[in-house]
Amino acid sequence: EVQLQASGGGLVQGGGSLRLSCAASGFTFDEYAIGWFRQAPGKEREWVSLISASDGLTYYADSVKDRFTISSDNTKNTVYLQMNSLEPEDTAIYYCAAGFYWSTVVKGLEFDMRYWGKGTQVTVSS
C-alpha cells in the first residue's frame, strides 16, 4: 500500500520557521520525484517545491525561493521542507506527492503526480 504521510505543520508567527516531513512507503522511493504542494482557503492548489529522489535536483516556486529548502533522506524514504521567514501568505494545507516531472520551454515545469498524502496545516500569524 502506497503511503505518503506529511507532518510538522502548526501555528507560527510571521518570520518564524517550520520543518515539514513527508514519509513515503509502498513504492520505490528513488524512482520518483517528491513534491510539496499547498492549498489555501478559497484558492487553487499550487506547487511549492520538488526534489528528484534519484539525483537530488531541486526546484522551487518563485514565491518560496530563498526561504524554503527541500531535502531528501533516501535511507529513510523521507523528504523534508524547511520553511524559513514564513509569511501569512504561506498559510495553507501542505501536501506531499510522488510522481514525475518534466520541463518545457513554453510551460516550464509540469507534473504527473501519481500518489498523494493527506495534508498538514500550516498557519502563519501576522
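The structure presented is a predicted model; accordingly, all values stated were derived computationally and were not measured.
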Please table the atom pairs, donor to acceptor, closer than 3.5 Å between any side-chain atom in residues 79-87 and protein atoms at least two apart or in another chain.
unit_1: Gln82; atom_1: NE2; unit_2: Asn84; atom_2: OD1; d: 2.9
unit_1: Asn84; atom_1: OD1; unit_2: Ser17; atom_2: OG; d: 2.9

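- For the atom pair Ser49 OG and Ile34 CD1, the distance stands at 11.5 Å (nearest 0.5 Å).
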Show the numbers, then the answer: is there a side chain to side chain contact (heavy atoms under 4.5 Å, CB included) between Trp36 and Ile51?
CA-CA 9 Å; Trp36 286 98; Ile51 185 166; over 6 Å; no
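- In this structure, OG in Ser21 is found 10.5 Å from CD in Gln5, a value given to the nearest 0.5 Å.
- Here the shortest heavy-atom pairing between Thr58 and Ile70 reads CG2-CG2, 3.6 Å.
- For Lys65, the salt bridge (charged side-chain N to carboxylate O under 4.0 Å, His left out) criterion is met by Asp62, not counting sequence neighbours.
- Within the 4.5 Å cutoff, the side chain of Tyr60 has heavy atoms near those of the Thr69 side chain.
- Expressed to the nearest 0.5 Å, how far OG of Ser54 lies from CG of Asp30 amounts to 7.0 Å.
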Please step through side chain to side chain contact (heavy atoms under 4.5 Å, CB included) for the pair Arg38 and Val64, ending with a clear verdict.
CA-CA 12 Å; Arg38 67 187 181 186; Val64 306; 4.0 Å; yes
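- Here Met113 sits in one hydrophobic cluster together with Phe37, Trp47, Leu50, Leu57, Tyr59, Ile93, Tyr95, Tyr101, Leu109, Phe111, Trp116; the rule is ILVMFWY side chains under 4.5 Å apart, joined directly or through other members.
- For the pair Gln39 and Arg45, the tightest heavy-atom approach, listed with the atom from each and the gap, is NE2-N, 3.8 Å.
- If you take CZ on Phe100 and OG on Ser52, they are separated by 10.5 Å, rounding to the nearest 0.5 Å.
- Panel note: side chain Thr104, backbone Lys107; a donor-acceptor pair is recorded below 3.5 Å.
- For Asp55, there are no salt bridge (charged side-chain N to carboxylate O under 4.0 Å, His left out) partners at least two apart in sequence or on another chain.
- Across all non-hydrogen atoms, the minimal contact from Ala97 to Leu4 is CA-CD1, 3.8 Å.
- Residues that satisfy the salt bridge (charged side-chain N to carboxylate O under 4.0 Å, His left out) test with Asp112, not counting sequence neighbours, are Arg114.
- Checked against a 6.0 Å centroid threshold, the rings of Phe27 and Tyr32 count as neighbours.
- Judged as a disulfide (SG to SG under 2.5 Å), the pairs with a partner in residues 14-108 (not counting sequence neighbours) are, in order, Cys22-Cys96.
- The closest donor-acceptor contact from the side chain of Thr91 to the backbone of Glu89 lies at 3.5 Å or more, if one exists at all.
- Across all non-hydrogen atoms, the minimal contact from Gly9 to Thr120 is N-OG1, 3.1 Å.
- Minimum interatomic distance between Gln13 and Ser125 (heavy atoms only, all atoms of both residues): CA-OG, 3.4 Å.
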